[in-house]
Protein chains: 2
Amino acid sequence: MLHNTPLRNHLDISHIRSSCATCSLRELCLPVGLNDDEIQVLGDVVSHKRKIQRGGYLHHTGAKFQSLFAIRSGFLKTCVLEQDGRQQVTGFHMTGELLGLDAISTDTHTCDAIALEDSEVCEIPFAKLEEISRIIPSLMRHFHKMMSREIVRDHGVMLLLGSMKAEERLATFLLNLSRRFLVRGYSESDFNLRMTREEIGSYLGLKLETVSRAFSKLQDEDIITVDNKHIRINDIARLRMKMGNSSCIT
Amino acid sequence: MLHNTPLRNHLDISHIRSSCATCSLRELCLPVGLNDDEIQVLGDVVSHKRKIQRGGYLHHTGAKFQSLFAIRSGFLKTCVLEQDGRQQVTGFHMTGELLGLDAISTDTHTCDAIALEDSEVCEIPFAKLEEISRIIPSLMRHFHKMMSREIVRDHGVMLLLGSMKAEERLATFLLNLSRRFLVRGYSESDFNLRMTREEIGSYLGLKLETVSRAFSKLQDEDIITVDNKHIRINDIARLRMKMGNSSCIT
DNA sequence: TATTAATTTTGATTCAGATCAATCAAAACA
DNA sequence: TGTTTTGATTGATCTGAATCAAAATTAATA
């Protein structure tokens, strides 16, 4: 169940910076395979840009759904709140990714989206997106692929949570981050985590102490070097071994 | 994070049997809020019906994606295979639900779909669905909602796998089944499981012995009565208590 | 119907990860 | 700059679920 190819499309362009005064559509996830006219049409829709400070909310659970958000820069987490106040992280999101897909079903956001560093997003009014996707079939197709990819990704996480042990989970998580950084033009072996151990734990279904121990263990084996939030992958092959059988988490 | 409303739309009609010789579109999940002409158009697309025997495959992992499948009757599981041969169940599916959404992203099925009892599905060629959804906006909107609902559902499972203990998981699972039966016109408190303890365990991230013990425990407390695959819920309120805080798994 | 195979239950034991607790390091702030 | 707060690491202990094992049921098949 390896899914390398699907990411290619929208990620290959995610590091290209255009000088366009508007939202720099070309670097977004959506306008894949569109001609200039079509991009123009799309551009009229997603012109609204928005900045969120570290710690700020892009949207709250329960808020009325109007728009999807395409991340232009930064790093966010999504999480659902339980009654007792604790939160479960459902995902970490970076440049080029689309947020808010879960809200389409009920016209209400089903999770909080919180910036883990200063971030910038483009607002995409969903009604308009549907409208123009009727005119531009390739846009519709691409949008459907993105929704579907989200489902596949979630199945990967379910596999991880349902059948992997702590160290395998962390290895999978690190390799996933690594690949996403690589594809955006950053180092695949040297990066800074934006989230805390607790947030990693919440995402991976582990307690923060267990996450910390797993980090230490991988370091003891010289597979990675950990300096607080800074991670260096010394032996990516051995890290892949740690992941075990599965190739989940696209 | 309660999501009762979204299910309403397509499920309210799921128990209605029309005598139409074709695929009985009206009872499917898609034609919500369409007029007769529109249903006619849609009908031309989904006319192909298919039966799958118990144990048979609707599709295999890696197979080329052509169509979505709407379940007309029966019960199926979807599961992903790991290298080592074991399988993780990603979902159980019943009448009115749509299968194959994960395959859109790569044009390849990412899981196996296997019938747990004799089942009948309608094949919906995806290219055609996209085509006519350009003509019928309400169909497109509904399709998007269904994809989105799948994402929300998966987040619910992630929450379950990431933060609940065995008994809570089983309670959540039973209540979920219960509600889905109810909505289809069957008893909410008296039903037969179609899957084995092992399949339940795989879905819930537990070993089959743990599932069995959790059943026994709930029975000891007089909350349910278990007779092999037959389940009777004696005290749904207390079962809900067992679920704990969260309302996940829509 | 007899026989075999698959599934389920229950018990005993082990172990991975949670929990409790203390220390240490790094931000954030006055 | 010192102080407070937040986050990370590490150790000791406990516990829920996995594992190992056997018996009991149920379903499938000759």
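Order of the sequence lines sets the chain letters (A, B, ...), proteins ahead of strands, with each chain counted from 1.
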Rounded distance in Å - [atom1] ([X]) to [atom2] ([N]):
| X | N | atom1 | atom2 | result |
| --- | --- | --- | --- | --- |
| Leu193(B) | dT7(C) | CG | P | 14 Å |
| Asp220(B) | dT9(C) | CG | C1' | 12 Å |
| Met164(A) | dG17(C) | CE | C1' | 16 Å |
| Lys207(A) | dC20(C) | NZ | C1' | 13 Å |
| Arg197(A) | dG17(C) | CZ | P | 17 Å |
| His230(B) | dT8(C) | NE2 | C1' | 17 Å |
| Asn228(B) | dT8(C) | CG | P | 6 Å |
| Phe215(B) | dT7(C) | CZ | P | 15 Å |

TODO: Check whether any side-chain nitrogen or oxygen of Lys229(B) sits under 4.0 Å from OP1 or OP2 of dT7(C), and answer yes or no.
DONE: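 False: Lys229(B) side-chain N/O out of range (4.0 Å or more) of dT7(C) OP1/OP2.
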Open item on the list: Taking 4.0 Å as the cut-off, does a side-chain nitrogen or oxygen of Arg213(B) come that near to OP1 or OP2 on dT9(C)?
Closed with: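 For dT9(C), OP1/OP2 do not have a side-chain N/O of Arg213(B) under 4.0 Å.
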Hey, what do you get for [atom1] ([X]) to [atom2] ([Y]), rounding to the nearest 0.5 Å?
| X | Y | atom1 | atom2 | result |
| --- | --- | --- | --- | --- |
| Arg180(B) | Glu97(B) | CZ | CD | 4.5 Å |
| His155(B) | Cys111(A) | NE2 | SG | 6.5 Å |
| Arg54(B) | Ile114(B) | CZ | CD1 | 12.0 Å |

Task: Distance-only polar pair, side chains of Asp112(B) and Thr61(B), donor-acceptor under 3.5 Å - done: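 Yes, a side-chain donor-acceptor pair sits under 3.5 Å.
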- [ ] Establish, from distance only, whether the side-chain atoms of Asp102(B) and Ser148(A) form a donor-acceptor pair under 3.5 Å.
- [x]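 Checked: Asp102(B)/Ser148(A) side chains show no N/O donor-acceptor pair below 3.5 Å.
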Mind checking [X] for me? I need base, sugar-phosphate or nothing, with any heavy atom below 4.0 Å counting as a touch.
| X | answer |
| --- | --- |
| Gly205(A) | sugar-phosphate |
| Ser212(B) | base |
| Leu206(A) | sugar-phosphate |

Task: Nucleotide interval of DNA chain D bounded by contacts with chain A (heavy-atom cut-off, under 4.0 Å) - done: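 Counting from the 5' end, contacts occupy dG7(D) to dA12(D).
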- [ ] Could you pick out which residue, Asp227(A) or Ala166(A), lies toward the 5' side of DNA chain C when each is mapped onto its nearest nucleotide?
- [x]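 With Asp227(A) and Ala166(A) compared, the 5'-side residue is Ala166(A).
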TODO: Classify the ring geometry between Phe181(A) and Tyr186(A) as parallel (under 30°), tilted (30 to 60°) or perpendicular (over 60°).
DONE: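 Perpendicular: the ring planes of Phe181(A) and Tyr186(A) meet at over 60°.
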- [ ] Over 60° means perpendicular and under 30° means parallel, so classify the ring planes of His109(B) and His59(B), tilted if in between.
- [x]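 The arrangement is parallel - the two ring planes meet at less than 30°.
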- [ ] When you get a sec, tell me which of dA28(C), dT9(C), dA21(C) is the closest nucleotide to the side chain of Arg54(A)?
- [x]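 Of the options given, the side chain of Arg54(A) lies nearest dA28(C).
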